[in-house]
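Both backbone and side-chain heavy atoms feed into the values below; hydrogens, waters and symmetry mates do not. As the structure is a prediction and not an experimental result, all values here were calculated from the model. Convention: sequence-line order gives letters A, B, ...; per-chain numbering from 1.
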Amino acid sequence: MPTPFQKEVYKALQKIPKGRVTTYGAIASYLNTKAIRAVGTAVGKNPNAPDIPCHRVVPSTGKVGNYSGVGGVNMKRTLLLEEGVAIENGKILHFEDTLYLFS
DNA sequence: AGCGTGACGAACT
DNA sequence: TAGTTCGCCACGC
């Protein structure tokens with residue numbers, strides 16, 4: 001049973017186009033909140049939903065971040081690579097170019 | 001109502 | 001440059 005907050009987060013995640021990624025900060029800004037922790041918590045709590053491309057969310061540091069799904073960050077990396085996101089040694093290449101901001 | 005936890009971020013040492 | 005600390009808000013106990 002997702003909370004309203006998580007619902008907003010998930011909705012935002014589904015807006016991310018294929019081959020692009022977004023940051024927790026961008027989501028927080030989109031939701032008009034400063035609690036990046038809350039966003040990360042919300043996303044991390046329901047990684048089981050296949051309808052949510054949670055693997056397209058990365059920290060602002062340009063690294064892959066974390067992943068609670070099966071396979072962990074390794075799977076996350078693979079998924080992003082399959083979508084056309086270049087990753088090297090756990091960090092995203094051309095991060096600013098790959099980054100997607102909500103309109 | 002209070003405390004601890006968390007897929008983060010920025011500042012500090 | 002790397003490691004540590006504090007802060008942010010939502011959620012469960």
Side-chain angles (χ1 to χ4, degrees):
Chain A
M1 186 71 190
T3 67
F5 184 77
Q6 290 179 243
K7 189 172 149 192
E8 293 299 308
V9 174
Y10 301 150
K11 192 169 66 177
L13 292 182
Q14 293 175 61
K15 292 164 61 68
I16 307 171
K18 178 178 173 244
R20 292 287 177 90
V21 297
T22 193
T23 65
Y24 294 94
I27 296 172
S29 181
Y30 175 70
L31 298 181
N32 207 328
T33 179
K34 288 120 185 151
I36 293 162
R37 305 298 313 250
V39 177
T41 303
V43 178
K45 282 190 169 200
N46 286 41
N48 308 309
D51 303 305
I52 301 167
C54 31
H55 59 276
R56 292 180 185 158
V57 188
V58 297
S60 64
T61 57
K63 305 198 174 192
V64 185
N66 228 308
Y67 191 69
S68 296
V70 180
V73 295
N74 190 0
M75 180 61 78
K76 182 172 181 179
R77 246 181 9 189
T78 303
L79 288 170
L80 290 173
L81 286 170
E82 291 292 311
E83 294 185 352
V85 179
I87 300 174
E88 183 176 288
N89 194 20
K91 56 192 184 202
I92 299 173
L93 301 181
H94 309 292
F95 180 57
E96 296 180 27
D97 191 57
T98 311
L99 182 60
Y100 171 80
L101 274 6
F102 298 96
S103 33

| task | Flag the pair A/Arg77 / A/Tyr67 as yes when at least one side-chain heavy-atom distance between them is below 4.5 Å, and no otherwise. | result | no

Scan nucleotides 2-7 of chain C against the protein and return all N/O pairs shorter than 3.5 Å with their distances rounded to 0.1 Å.
from, atom 1, to, atom 2, distance (Å)
C/dG7, O6, A/Arg37, NH1, 3.1

| message | Please check: side-chain N/O of A/Thr22 versus main-chain N/O of A/Tyr100, any donor-acceptor pairing under 3.5 Å? | response | yes

| remark: With A/Val21 as partner, the option from A/Val58, A/Ile87, A/Val64 fulfilling side-chain contact (heavy atoms from CB on, under 4.5 Å) is A/Val58

| Does a side-chain heavy-atom distance below 4.5 Å link A/Phe5 with A/Leu31? | yes

| Atom pair distance, as rounded to whole Å: NZ in A/Lys63 and P in C/dT1 | 11 Å

| query | If you group Ile, Leu, Val, Met, Phe, Trp and Tyr by side-chain heavy-atom gaps below 4.5 Å, do A/Ile52 and A/Ile36 land in one group? | reply | yes

| task | Nearest whole angstrom, please: distance from the C1' of C/dC9 to the CG of A/Asn32. | result | 13 Å

| For A/Glu83, what residues pass the side-chain hydrogen bond (donor to acceptor under 3.5 Å, both in side chains) criterion, not counting sequence neighbours? | A/His55, A/Arg56

| field | Any donor-acceptor N or O pair under 3.5 Å, side chains A/Tyr10, A/Gln14 | value | no

| task | Round to a whole Å and report the spacing from NZ of A/Lys34 to C1' of C/dC8. | result | 10 Å

List, with names and distances, any nitrogen or oxygen atoms from the protein found under 3.5 Å away from nitrogen or oxygen atoms belonging to nucleotides 10-13 of chain C.
from, atom 1, to, atom 2, distance (Å)
C/dC11, OP1, A/Thr3, OG1, 2.3
C/dC11, O3', A/Lys45, NZ, 3.4

| query | Do A/Val85 and A/Leu93 share a hydrophobic cluster (ILVMFWY, side-chain heavy atoms under 4.5 Å, transitive)? | reply | no

